[in-house]
Amino acid sequence: SGGGAGGLQPSSRAGGGRPSSPSPSVVSEKEKEELERLQKEEEERKKKLQLYVFVMRCIAYPFNAKQPTDMARRQQKISKQQLQTVKDRFQAFLNGETQIVADEAFMNAVQSYYEVFLKSDRVARMVQSGGCSANDSREVFKKHIEKRVRSLPEIDGLSKETVLSSWMAKFDAIYRGEEDPRKQQARMTASAASELILSKEQLYEMFQNILGIKKFEHQLLYNACQLDNPDEQAAQIRRELDGRLQMADQIARERKFPKFVSKEMENMYIEELKSSVNLLMANLESMPVSKGGEFKLQKLKRSHNASIIDMGEESENQLSKSDVVLSFSLEVLVIFVQDLGSHAPNYKIACSMHCEGRDLHTDLSDSVHSWGTQGDFSTTHALPAVKVKLFTESTGVLALEDKELGRVILHPTPNSPKQSEWHKMAVSKNCPDQDLKIKLAVRMDKPQNMKHSGYLWAIGKNVWKRWKKRFFELRDEGSATSSLGHLTSVDGKHAHELFAKARGCSFSHRLLADKLDAEMLRLEGGRAFFNAVKEGDTVIFASDDEQDRILWVQAMYRATGQSHKPVPPTQVQKLNAKGGNVPQLDAPISQFSGLKDADRAQKHGMDEFISSNPCNFDHASLFEMVQRLTLDHRLNDSYSCLGWFSPGQVFVLDEYCARNGVRGCHRHLCYLRDLLERAENGAMIDPTLLHYSFAFCASHVHGNRPDGIGTVTVEEKERFEEIKERLRVLLENQITHFRYCFPFGRPEGALKATLSLLERVLMKDIVTPVPQEEVKTVIRKCLEQAALVNYSRLSEYAKIEGKKREMYEHPVFCLASQVMDLTIQNQKDAENVGRLITPAKKLEDTIRLAELVIEVLQQNEEHHAEAFAWWSDLMVEHAETFLSLFAVDMDAALEVQPPDTWDSFPLFQLLNDFLRTDYNLCNGKFHKHLQDLFAPLVVRYVDLMESSIAQSIHRGFERESWEPVKSLTSNLPNVNLPNVNLPKVPNLPVNIPLGIPQMPTFSAPSWMAAIYDADNGSGTSEDLFWKLDALQTFIRDLHWPEEEFGKHLEQRLKLMASDMIESCVKRTRIAFEVKLQKTSRSTDFRVPQSICTMFNVMVDAKAQSTKLCSMEMGQEHQYHSKIDELIEETVKEMITLLVAKFVTILEGVLAKLSRYDEGTLFSSFLSFTVKAASKYVDVPKPGMDVADAYVTFVRHSQDVLRDKVNEEMYIERLFDQWYNSSMNVICTWLTDRMDLQLHIYQLKTLIRMVKKTYRDFRLQGVLDSTLNSKTYETIRNRLTVEEATASVSEGGGLQGISMKDSDEEDEEDD
């Protein structure tokens, strides 16, 4: 692979200016491009592999960073498919396709949420940006329903918090759909755990995905780098740190500094490099000693040359035997004895085990001689002696101890085989079983602090001066230094003979022919050589095979911390060293299990990545690459991260920066640049995250770092200024598009953080605050542009919505293909379509646009006002600017409306109802413009309505039939039936070319109930009262915001109502008098319905005047009092006229009776005729017809008035006046005949009339004080006297008629 890479490089160099080939075949440009692309891909692959090696080492052996546990948990983000699924679920709920029970209020809330939020294109854009989470949807709904629930009426026993909780539970059920909540919770828990902390395996897998590393490549690199070997990783770190120190010295010597903003920073830069290495050294030293197979770190001596150390002269770390005592555990398993044939089968045999003064015995075995018994021992010797004896019980009587059959002495080591083996036992000479064997398994565990042990040949000048094979062990004493000692066998006893410090030694492989003197060449023993070098001394070691040498060299150089990693000699080198004459006895390196992975890695071209020196790489660019790829991976995962790395990613990046010396400012500048690129491309990035990185870079560049002044390169300062400008442009753009970058105030607090960051970016340095006026100017400019952007997009949305509505409402466009064709045609003929828009359609579109404008302003207040709380005056200016843009379209739509049309009033009412409730916009610039626009229209409308109503009164009374109103449809021809959902002001007469405005209210008008209750008024009067009330209601519902003009309108309408009602009352009074004059004067007179209707008009006029003519304040009460006085006077006159009519009829009856006066010719003739005729026939009672006719007239008139007139007070006044007038007329008539005796017929008629009148008026409720007046008493007394006189003279001529009350008469009357 390495050769392949080397072969590609010349090709790339030759690609630019390659000489013309004599070959006729010319490589096409396409092939060149393909070749260059392949070369770039190969270079990129190699770069990622090298980067992955560095990342793997950071994950395998972290000593600077750890995964943070205090980071905010990120929510699961919503994808496009999930958003569509949620939409479908809510649509199914609204269609009633779910089992969730909900009331109408909740249904309305969900409907509004579905239309406003879920279907919003801004939400779809937020989902596309990766910044929308399920929690955002839930919080928006919660905020959406809080106002609705607060506005609901109180219900006993049900708190609004309970309603909120219930609604949120239903929302969760709808959002979740049919998913099992337990499964979802389990999934969320697992994902949350992986978000918090990751294992090493998970981190490896993550960065394989990030860098595009294949699994087999990871395995090759993992095994070849020995990532599971902590000692190898610690040694790697020591080499890296030593290399960084050497690089710092080289920079200082050669003066190859980066370009700094100040020359004095060069020396400071060297100190920074060294202090960063010293900090890493301190971190290494502070790592705790791990147990149970975990690794621990050795101290690294802070020296410029770690290859030369003093092995025996340092006094601070002198070792004693007690310092290096190890504890070994031994397991001895006795299994079976073989070739024991001289003893009887029934002999019992046993074994004993002895080690370190401790004896263990097996059970006695009789025939099989098999045990399987294990003995556990503990020793401090690296080469312990284990004795195993075989004995049998003695049968002799005098035998004191058992008989020994044989023994074996073992010297196990930690490297000894663990499996069972046969051992030949030592027996006595006279023992018949000379080939006695025993099968044993001896296992010796290696302590954690012993790194390696085994037999080596060694010779040195000061130590181990004889070439001898010794047992060595390499120990790690935790915080102390590693130690190297040897053990040898002396008379079967093992002891430490010598200790030497191995810390800092430089070990390397040694070839036999490599500069060895003659004495060295004559050494016998050992085949694979290596040496340890110190000042003034060299120790040569030799092992019996190549593999053992490699293990010893690796263990020793790890323990010493040398920067150079020894490389085993190749097969060719070894042959050359032996002159090619010595046969190669060593096994190939590849057969050694520890190096097989390295061999495999070399075959796959991985050795160059593994053996490369990290100090020779530009880690700034490598880190920039890995951070960019990690960010891409993070933004594409299932979390709404907003640019924040996961804890595992933060840990790896922190460790990489610390270990490889990546400057913090460079790291954050790269991070800012990557975040800005994503944000500029539409990704949702948390401004708080941008703020953190920007603040770090700003404090670094301006020399205000919390940890002191650091070096600042020219490149860092230039990149910072560039990024600062890009960030300013981005922030201003986000503030300009705040409705779309932060829809519905999500992510929470993001807009507020953006404003805070903008203020920070505008600062000249890190300490001097920017003037508020400067910040205000920038934000004002952004919000002015925001108004234009918001209105432009809103207008486009309204146009698209209007076209869709037109297409789908028209029956021709029911087919999808036709709709598409129409859309294309509309796009082609947009100008022609614009010319065909009618004024009514344009007004309708403007009203719809006004609704959207209000919705936008309400959403701004609800979701964004808190973020702009510090700049609330600028938000007011933004709203006014936004409304001023709408005013242009509104003015254009109103200009094309025909004159004297009132369909635009709903637009005013819609806008005014919103503006007057807004503290900041009420009577603002747009609000005043709206008033100025509609004030002339209102005045004109009122003028025309006044003229219309006046004409309707005039013409209505001319054609008035005075029939009572029985129903709205049949008796109010000028009144359109109101639509309950959208009532209208009364229509004007047909001959007046005026339209009437619609009243934009959604409740039934207050006059409807009054019309149905008062069913006896005239058509003209009811029409009048309704029009006046509807007009005043309409003007009142306009809620004119300017107080002075509003009072003027109210005053004018009240005055107009007073004048109209006055005219109505006067016309009714005239019609009343005319009607009475045309009626009969005899007892045939019956009170017509029209008379009652006129009375009812007075009743209604009085009732309506209280509402229509009165004002609450000041002298305007005169309108009401004036019309009341007029009505009262008119009613009095009408009662007087009607009573006069009744008196006239009574006078006619009395005139008939006057013909019977005493002394008249008619009276004498009538008396003679009756007397003569009575002799032959029965003569009818004279005078009864006249009396009965009058009584019938009175009773009928009373019943009609009582039934048809709706005011009891007027009836009582009429009856009182009628009764008194009747009695006065009769009394006057009797007084005129004071000297005459009444004729019998006069007497009978008067008695009947007076008695019936008295009784009828008493039944109608006339008070006794009125009934029993002096006039009545005078009449009663006169008639009583006349009755007595007639009864004496006539002798019963009255025929039972008497002024006295009697039951018979009552029955007769009944």
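Everything quoted here is computed from the prediction, not taken from an experiment.
The aromatic rings of F645 and Y671 lie parallel to each other, their planes meeting at an angle below 30°, with 60° marking the opposite boundary. In this structure, H864 and F738 have perpendicular ring planes: the angle between them is above 60°, well past the 30° mark. Ring-plane geometry between H700 and F696 is classed as parallel, the angle between the planes falling under 30 degrees on a 0 to 90 degree scale with a further cut at 60.
A donor-acceptor contact shorter than 3.5 Å links the side chain of E655 to the backbone of A65. Side chain of R244 to main chain of R659: a donor-acceptor pair is present (N/O by atom type, distance under 3.5 Å, no hydrogens or angles). The backbone N or O of D674 sits nowhere less than 3.5 Å from a side-chain atom of E677 that would complete a donor-acceptor pair. At least one donor-acceptor pair closer than 3.5 Å links the side chain of H737 to the backbone N or O of N733. With hydrogens and angles ignored, the 3.5 Å screen pairs no side-chain donor or acceptor of R760 with any backbone N or O of S756. In this structure, S693 contributes its side chain and L690 its backbone to no donor-acceptor pair below 3.5 Å. No donor-acceptor pair closer than 3.5 Å links the side chain of E721 to the backbone N or O of E718.
Side chain to side chain, R663 and T711 meet the donor-acceptor criterion of an N or O pair below 3.5 Å. Inspection of the Q208 and E217 side chains reveals no N or O donor paired with an N or O acceptor under 3.5 Å. Judged purely by distance below 3.5 Å, without hydrogens or angles, the side chains of S621 and D618 pair a donor atom with an acceptor atom. In the model, T713 has no side-chain atom that pairs as donor or acceptor with a side-chain atom of E715 under 3.5 Å. Under the 3.5 Å distance criterion, with hydrogens and angles disregarded, a donor-acceptor pair is assigned to the side chains of S612 and Q50. In this structure, a donor-acceptor pair under 3.5 Å is present between the side chains of Q236 and E240.
Less than 6.0 angstrom separates the ring centroid of H218 from the ring centroid of Y222. Between F207 and Y52, the distance separating the two ring centers is not shorter than 6.0 angstrom. Taking the centre of each ring, H668 and Y692 stay at or above the 6.0 Å mark.
Note that CG of L755 and CD1 of I779 are 5.0 Å apart. Values are rounded to the nearest 0.5 Å. Rounding to the nearest 0.5 Å places CZ of R45 at 8.5 Å from CD1 of I213. In this structure, CG on D249 lies 11.0 Å from CD on E254, to the nearest 0.5 angstrom. Going from atom CG of D136 over to atom CD of Q75 covers 8.0 Å, rounded to the nearest 0.5 Å. Taking SG from C58 and CZ from F651, the interatomic distance works out to 8.0 Å, rounded to the nearest 0.5 Å. With rounding to the nearest 0.5 Å, the separation of OG in S640 from CZ in R74 is 7.5 Å.
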Checklist entry - Given D242 and R239, is the salt bridge (Lys or Arg N to Asp or Glu O under 4.0 Å) satisfied, shown in steps? => result CA-CA 5 Å; D242 181 75; R239 291 194 298 271; over 6 Å; no
Checklist entry - Given K66 and D654, is the salt bridge (Lys or Arg N to Asp or Glu O under 4.0 Å) satisfied, shown in steps? => result CA-CA 8 Å; K66 61 181 181 179; D654 286 348; over 6 Å; no
Item to check | CA sep, side-chain torsions, deciding dist, call: R719, E716, salt bridge (Lys or Arg N to Asp or Glu O under 4.0 Å) | outcome: CA-CA 5 Å; R719 289 185 65 185; E716 288 173 347; over 6 Å; no
Next on the checklist: Working note: L642 + I685, criterion side chain to side chain contact (heavy atoms under 4.5 Å, CB included); need CA distance, chi angles, decisive distance, verdict.
Outcome noted: CA-CA 4 Å; L642 306 181; I685 301 299; 5.9 Å; no
Checklist entry - Are K47 and E44 close enough, and set up right, to give a salt bridge (Lys or Arg N to Asp or Glu O under 4.0 Å), and what steps lead you there? => result CA-CA 5 Å; K47 190 174 182 180; E44 187 77 9; 5.8 Å; no
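Of the charged side-chain nitrogens involved, none lies within less than 4.0 Å of a carboxylate oxygen, so that R673 and E722 do not count as a salt-bridged pair. The residues K200 and D228 are annotated as not salt-bridged, no charged nitrogen and carboxylate oxygen being separated by less than 4.0 angstrom. Taking a cutoff of 4.0 Å between a charged side-chain nitrogen and a carboxylate oxygen, R667 and E624 do not qualify as a salt bridge. We find that E43 and K40 are not joined by a salt bridge, their nearest charged nitrogen and carboxylate oxygen being 4.0 Å or further apart. Under the 4.0 Å criterion applied to side-chain N and carboxylate O atoms, R37 and E41 are assigned as salt-bridge partners.
Heavy-atom contacts from other residues, nucleotides or ligands closer than 6.0 Å to CD of E748 number 12 or fewer.
Within the 4.5 Å cutoff, the side chain of I251 has heavy atoms near those of the L273 side chain.
Screening V729, L731, V770 against V761 for a side-chain contact (heavy atoms from CB on, under 4.5 Å) leaves a single residue, L731.
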